[in-house]
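Below is one structure; the comments refer to it alone.
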Amino acid sequence: MKQHLILHVIAKIMIPFIMVFALYVQFHGDYGPGGGFQAGVIFGAGFILYGIVFGKEATMKIVPPPLVYTTAALGVLLYTGVGVAGMFLGGEFLNYSVLSADPVAGQHLGILLIEFGVGMTVASVMVILFLSFADYRQPDSQDTD
Amino acid sequence: MESLGIVNYWIVIALMMIGLYIVISANNLIKKIIGLNIFQSSVFILYISIGKVGGGTAPILLKEPTVYSNPLPHVLILTAIVVGVATTALGLALIVRIRSAFGTIDDQDVQQDIERN
Amino acid sequence: MLSLHLSALQVVIPLLAAPLCAIIRRPGITWLIALAVGIASCINSIAILLHINRFGEIVYSLGGWAAPFGIEYRIDSANALILLIISFIYLLGIIYAPVSIKSEVPEKSQGWLYTAWILCFTGLSGITISGDVFNVFVFLEVSSLSTYILISFGQDKRCLSAAFRYLVMGTIAATFYLIGVGFLYSLTGTLNMADLAQRLPDLISQNTVAVAFGFVIVGLAIKMALFPFHAWLPNAYAYAPNAVTAFLAGTATKAAVYVFIRLIFEVFPEDYFSGFTSSHHIILAVGIISAVITSAVAIFQNELKRLFAWSSIGQIGYIAVGVGLASTAGVAASFLHLFNHAIMKTAIFMAIGGLFIVTGSTTTAALKNAGRRMPWTMAAILIGGLSLIGVPFTTGFISKWYLVSASLEQNFWWLAGLILLGSLVTAAYVWKIVEIAYFRKDPNEQVVRQEAPLSLLIPTWILVVANIYFGIDARFSGSIATQAANTILGISP
Amino acid sequence: MNAIELVVNFTLLGFLLVTALHISQTNRLFRAVMLFGIYSLLTASLFVSLDAVDVAFTEAAVGTCIATILMLSALSLTGSRKEVRYRRKNAAFAVCVSIALGVALAIGIMDMPQFADPNAPANLHVAPYYLQDSYSEIGIPNVVTSVLASYRGYDTLGEVVVIFTAGIGVIALLTGRSSKPKD
Amino acid sequence: MMSASTIQLYCLVAPLVAVVLIATVGRVFPILYEAINASVAVLTFLLTLSLYSALGEGTIEPLVLFEPFVGVSIAIQAEPLGILFALMASFLWIVTSIYSFGYMRGHGETNLARFNIFFAIAISSAMGIALAANGFTLFLFYEVLTLSTFPLVTHAGTDKARRAGRVYLFLLLGTSVGMLLLALIWTWILTGTLDFRAGGILDGDISKTTLNILLVLYVFGIGKAALMPFHRWLPTAMVAPTPVSALLHAVAVVKAGVFSILKVSIYIFGIDLLQELEVHRYLAYVAAFTIVATAIIALRKDNLKARLAYSTVGQLSYIVLGALVANAAGIVGGGLHMLMHGFGKITLFFGAGAILVAAHKTEISQMRGIGRSMPVTMITFLIGCIAIVGAPPTGGMWSKWNLLLGAANTTDWLLLAALIIGSLLSAAYLLPIAVRAFYHPPDDGNETIKEAPVSILIAMIISAAGCIILFIAPDFAFELMSMITSSK
């Protein structure tokens with residue numbers, strides 16, 4: 001699709017908005033529908049759109065697979081880490097109330113962090129899924145789509 | 001209203017039946033995955049229907065007293081959807097590899113190929 | 001302080017390790033991490049067991065939210081036993097893995113394999129300790145997804161179709177389970193096992209409960225490969241990498257069996273299973289039929305992994321018989337057999353992996369002269385096989401003893417007869433192997449002694465020795481199984 | 001529920017039924033995949049009408065977007081985008097199993113509390129606690145988020161692990177294994 | 001001085017020492033295999049003798065080895081019947097070791113290490129059966145004996161040997177797992193114990209039907225006693241080398257079978273309870289039928305080892321009958337016959353093996369006149385025949401006499417008749433072999449036959465002498481058996 005100028009232009013305009021929307025969903029999840037997972041999917045979708053329009057090589061330059069693998073893992077680590085922090089601060093695993101002096105503030109902080117972890121992992125995995133499928137070649141295939 | 005009250009569930013049952021039917025009867029592996037997805041999403045509808053409260057709104061707290069729908073099924077189904085897409089992704093990746101290995105994504109052809117060896 | 005978190009650590013440790021592996025991705029280091037997880041989990045599971053023996057049941061509210069509102073871990077002797085089995089088999093499997101995996105999986109993928117392996121272990125641990133029916137579903141899926149991945153690492157291309165078939169069956173199973181849980185939730189408004197157990201007795205006459213029961217049972221029966229829902233298992237075991245098969249054979253179905261037992265006896269009202277619905281007859285019949293029939297199918301297999309996979313289905317049948325007896329003795333026999341079967345089957349599959357390293361094949365033909373060529377490897381298969389038959393001085397005998405006495409206790413002498421008949425069918429396939437390995441001589445052939453590598457033999461023989469030890473002194477395994485059955489059936493010790 | 005809600009509800013359910021039937025009958029894979037995308041979108045709309053906005057959002061993002069894209073990629077990679085041949089096997093068996101499932105479910109729903117009944121047990125036991133106390137305990141208006149991230153945060157952790165596992169699986173299956181010629 | 005209780009353990013462990021020695025020292029000096037076996041056998045015999053003398057001073061304390069689960073233990077305790085069996089087994093092991101030195105080498109057998117190792121394990125498990133303090137222990141060693149003799153049966157490695165091994169294993173494992181184990185667990189459920197106690201552990205509180213079923217399960221479940229219709233394994237196992245046949249059919253395996261039946265009838269049921277069960281009579285008829293039927297089959301067999309095998313099946317049924325008539329004389333006769341038949345039959349098998357090694361003959365019809373070239377072999381063979389028939393001057397007389405007494409006490413003339421006819425028929429199928437060897441003119445080529453190797457001859461002379469000594473001095477055996485019958 002490298003020759004479709006219109007797609008190129010529109011994609012370039014849209015992708016930033018998609019990203020911003022993703023961030024909005026990420027951090028507004030407390031007040032409206034949305035949260036880490038939905039934000040992650042949308043964030044990932046931004047890269048996927050980029051990949052569809054500009055080709056997978058270009059996408060891999062922006063988000064090299066090893067980096068994406070790492071961020072996917074870091075998301076899980078962040079989530080688990082917040083849980084473990086709760087354990088070290090005298091609460092149970094995943095108890096956010098102890099993260100801060102005020103339990104409600106602790107809950108806020110905890111949810112913010114773990115939602116971020118969720119978003120990170122989900123976005124990364126979405127990119128991984130797309131890139132893996134896009135990068136795969138059947139042994140007998142001829143086309144270079 | 002009384003009789004209508006359970007119609008939601010009847011349709012959900014029909015959707016589940018169709019989904020399972022596709023999974024079992026489909027020969028094409030991708031179609032099997034589509035069937036699985038339909039089967040699973042109908043279960044999601046079942047859960048969400050359980051959580052619906054008549055006259056309620058989405059469980060996002062407002063200042064004035066309001067009737068809310070049950071948030072718990074929503075949470076469960078959020079998780080279940082993610083599990084579903086994870087399974088789908090893995091299944092499709094397997095299908096792609098099966099195509100490389102066997103040259104087909106037709107279940108019967110794959111089985112025949114296996115039996116021939 | 002630490003003792004409070006014992007239960008959480010069982011899941012947290014592998015959960016921290018898995019992403020770490022995904023970041024590092026180097027086979028050697030990921031293996032080391034996996035090994036560390038194994039050691040830590042073993043110590044942890046022993047600590048849990050000791051803690052329970054000393055202070056009783058562990059209840060741990062995750063996130064600090066009390067039970068019906070949050071999710072809780074609830075560990076008594078029953079899940080502690082399963083945890084112990086899973087952790088030890090995992091550790092031995094990891095010790096066993098490097099050489100075996102190296103011969104089957106390309107270097108690049110090994111890091112992913114170990115990551116998936118740790119995730120699978122996470123899932124199984126999570127299923128075992130959870131006290132929340134929906135949480136069980138989530139971790140069931142973690143373990144299932146990683147199992148599909150592990151199977152797809154096999155060398156043979158058939159592993160792909162096996163993994164896919166398992167994926168479809170497994171997802172249907174999970175969805176069935178989910179439907180059952182949904183019905184239960186719609187009636188009670190709770191997902192916590194203990195809470196459900198309190199609320200269900202009032203609803204006992206509702207059809208919805210019965211249907212929920214049915215869906216949960218069928219879903220779990222698929223997961224544990226109970227006949228006639230076993231179709232996914234033979235190929236999955238046959239084509240997975242050898243080390244993975246050894247691990248799965250000892251653990252994968254065990255967690256599902258445990259949840260099965262826990263739900264039907266503890267969550268559903270007392271006597272619901274055996275009294276109200278009388279469905280224990282079905283489980284009993286299914287169990288004994290599968291024990292005999294699938295063992296008979298095993299006789300005709302010419303591929304060792306597939307042969308013993310069929311045998312695993314048969315052994316699940318025996319476990320189901322114990323459950324179907326619906327008595328303390330019966331359930332104790334089931335738990336004991338869970339433990340014993342994990343020991344013997346894992347050892348057998350490990351030895352088969354050794355055979356593969358030496359001969360490059362796992363067909364019965366590869367066994368020719370194995371008795372002289374690799375006496376230690378072959379002896380491990382032999383002892384495992386004898387244990388499957390139920391020969392004295394092996395754990396299998398103890399299992400049979402418990403099972404037969406449980407059925408005689410209820411005057412089911414015909415059942416006892418059938419169980420013993422099953423052993424004879426088992427003897428037929430085990431003997432087929434023994435004859436090929438030991439008694440088919442070719443005088444013209446020079447046999448070179450060529451044993452499997454030590455790193456494979458050591459974990460194998462640890463299990464073989466355990467097999468014999470627990471076959472002679474079953475006080476530990478027997479008492480903990482009885483204790484587990486007592487807690488689950490609600491008889492305080 | 002008022003009449004409009006009911007109309008919307010049943011219309012969507014009707015569409016879902018039609019779409020699902022069509023998927024089960026079509027012989028074209030591409031069509032089936034596209035219909036599946038529509039099916040997901042309809043489900044998402046239904047979820048909105050059932051007050052499950054978060055779920056609807058997710059279903060729309062996942063079912064309509066990601067799942068459909070993945071299926072299309074798979075179609076392309078397996079070369080079945082153009083190919084339409086698709087046969088059925090053991091349809092009789094499938095029908096039997098589906099009917100058995102339907103009968104079992106039908107028996108199950110007979111005794112179920114009425115749809116949208118505010119006094120159904122499901123809406124009385126745990127849920128009211130979340131609605132009443134979550135704001136004072138967690139301070140977030142979106143109860144779904146509170147429950148998801150805190151009360152049942154452990155489930156969500158499991159969910160993240162599941163998606164992470166799937167990612168690993170796809171990497172292991174599709175990356176570095178294909179016999180792709182280097183260009 | 002060691003306590004008698006620990007000596008019991010040494011009796012079990014001693015043969016295992018032989019296993020270790022053969023596997024280590026023997027690998028370096030293969031010539032020592034039999035020497036190791038023989039010297040360990042002597043040691044075992046001496047240990048058993050000291051148990052015998054300890055018994056004179058009172059009951060020997062049981063020794064618990066393991067307790068696999070609560071209420072069931074692996075324990076050993078020597079009691080008179082067990083000591084009788086142990087004495088016989090360990091003594092005949094000495095003789096068999098001497099014999100197998102000549103035979104295995106004379107016959108050019110291979111895989112001697114494996115052979116001797118499993119031989120020793122088999123003896124160890126036979127000792128375990130002899131000294132078992134409860135049914136559980138008995139069952140464990142019973143199964144080990146089956147498995148450890150399996151490689152001996154299939155020693156030749158031919159298709160025929162493998163087939164025989166399969167029949168052997170299938171029948172012995174099948175009956176023991178399918179019936180004996182069932183019966184044992186059932187007994188355990190009913191009584192809560194499996195200990196062998198004087199007077200039995202089952203009592204009248206249990207329904208008669210259950211007890212009848214149990215008795216049937218026990219009697220047929222102990223497949224090693226070869227009661228019809230579970231006797232097939234014994235003739236087919238004849239493909240094994242002769243020392244194995246001697247071991248199987250005279251010492252370890254079959255005697256373990258009848259010994260178990262005696263143990264069960266005396267210590268689990270108790271003679272008095274046995275009397276009350278209707279089914280014991282029918283089982284006795286089965287035994288009687290087996291006696292007559294196998295004798296007739298034996299008459300028609302031309303292969304010497306096959307004839308001896310069927311003879312064994314018949315003679316075992318004498319012992320089973322002795323147990324089932326359920327009176328003191330029958331039990332004494334059964335116990336004695338276990339011993340007497342052991343010596344007689346091992347002599348006969350030694351003879352058959354000697355003829356095979358020296359003359360390469362297996363069929364009776366070919367053995368005309370070989371007594372002239374192999375006089376020692378054939379004379380000892382004749383003594384063995386007389387012992388089996390039960391005529392003086394051999395110990396067989398005492399056992400047959402007591403068995404007849406026991407049968408007569410039941411006033412069931414059918415049983416008595418079966419015993420007498422059986423004995424007459426055994427004379428008819430055994431004595432002609434010896435007569436033919438001495439009085440018929442030799443066939444062509446039979447003149448050149450030489451006497452068997454010396455070690456074979458020594459073994460045969462010892463066992464034949466044993467038959468005669470037991471006629472002169474059977475007191476110790478009577479004494480042991482009377483301890484049982486008086487203490488019940």
Side-chain angles (χ1 to χ4, degrees), chain B residues 4-9 11 13-18 20-22 24-25 27-28 30-31 34 37-38 41 45 48-61 67-72 74-75 77-79 81-83 85-86 88-90 92-97 99-100 105 108, chain D residues 1 13 16-17 20-21 23-24 29 32 36 43 46-47 50-55 58-59 62 66-67 70 74 77-78 80 86-89 91 94 97-98 101-102 105-106 109 114-116 118 122-123 126-127 130-131 135 141-144 147-148 152 155 159 162-163 166 169-170 173-174:
Chain B
L4 281 180
I6 220 161
V7 170
N8 246 20
Y9 295 139
I11 297 177
I13 291 177
L15 291 176
M16 282 189 200
M17 286 169 70
I18 296 171
L20 193 63
Y21 169 79
I22 298 176
I24 298 172
S25 72
N27 226 355
N28 186 295
I30 293 185
K31 184 113 183 209
I34 295 177
N37 269 297
I38 291 178
S41 11
I45 301 176
I48 301 295
S49 302
I50 291 171
K52 169 71 180 168
V53 173
T57 66
I60 296 172
L61 300 173
V67 179
Y68 300 107
S69 279
N70 188 343
L72 188 53
H74 301 179
V75 174
I77 290 317
L78 272 174
T79 308
I81 289 178
V82 177
V83 170
V85 74
T88 306
L90 202 56
L92 290 171
L94 276 171
I95 291 174
V96 170
R97 284 288 306 281
R99 169 66 171 69
S100 306
I105 54 164
Q108 269 177 7
Chain D
M1 277 178 100
L13 280 171
L16 276 173
L17 207 53
L21 276 173
I23 293 175
S24 76
L29 275 182
F36 173 72
T43 316
L46 184 67
F47 288 157
L50 293 173
D51 303 336
V53 279
D54 284 270
V55 185
T58 315
E59 177 68 34
V62 165
I66 299 297
L70 287 179
L77 279 175
T78 54
S80 20
Y86 152 68
R87 47 194 171 137
R88 256 184 282 275
K89 62 165 185 186
V97 173
S98 307
L101 174 83
L105 287 167
I109 62 158
Q114 286 288 306
F115 174 62
N123 302 332
V126 180
Y130 294 140
L131 292 168
Y135 194 75
N142 188 347
V143 186
V144 175
V147 179
L148 183 86
R152 296 189 72 87
D155 265 353
E159 164 198 330
V162 167
I163 198 85
V170 172
L173 279 167
L174 296 185

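Just so we're on the same page: letters track the sequence lines, and every chain starts at 1.
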Pick from B:Leu78, B:Val96, B:Thr88, B:Leu94: which one has the most heavy-atom pairs with chain D under 4.5 Å? B:Leu78
Who among D:Pro141, D:Gly102, D:Ala106 has the most heavy-atom pairs with chain B under 4.5 Å? D:Pro141
Is it the side chain or the backbone of B:Leu20 that comes within 4.5 Å of chain D heavy atoms, both, or neither? both
What residues form a side chain to side chain donor-acceptor pair (under 3.5 Å) with B:Ser69, not counting sequence neighbours? D:Asp51
Chain D shares the most heavy-atom pairs under 4.5 Å, among B:Ile50, B:Val82, B:Val83, B:Ile77, with B:Val82
Name the region of D:Leu105, side chain, backbone, both or neither, that has any atom closer than 4.5 Å to a heavy atom of chain B. both
With a 4.5 Å cut-off on heavy-atom pairs, point out which of D:Val55, D:Asp54, D:Thr58, D:Leu16 contacts chain B the most. D:Val55
Find out whether D:Asn142 and D:Leu148 are in side-chain contact, i.e. whether some heavy atom of one side chain is under 4.5 Å from a heavy atom of the other. no
Could you list the residues that satisfy side chain to side chain donor-acceptor pair (under 3.5 Å) with B:Ser100, not counting sequence neighbours? A:Tyr136, A:Gln138
Side chains of D:Val143 and B:Tyr68: does their closest heavy-atom pair fall under 4.5 Å? no
Drop me the distance from B:Ile48's CD1 to D:Glu59's CD, to the nearest 0.5 angstrom. 9.5 Å
Greatest number of heavy atom pairs closer than 4.5 Å to chain D - which of B:Ser41, B:Ala14, B:Ala89, B:Ser49: B:Ser49
Top residue by heavy-atom pair count (under 4.5 Å) with chain B, among D:Val53, D:Thr43, D:Leu17? D:Leu17
Hey, does the side chain of B:Lys52 reach the backbone of D:Ala52 with a donor-acceptor pair shorter than 3.5 angstrom? no
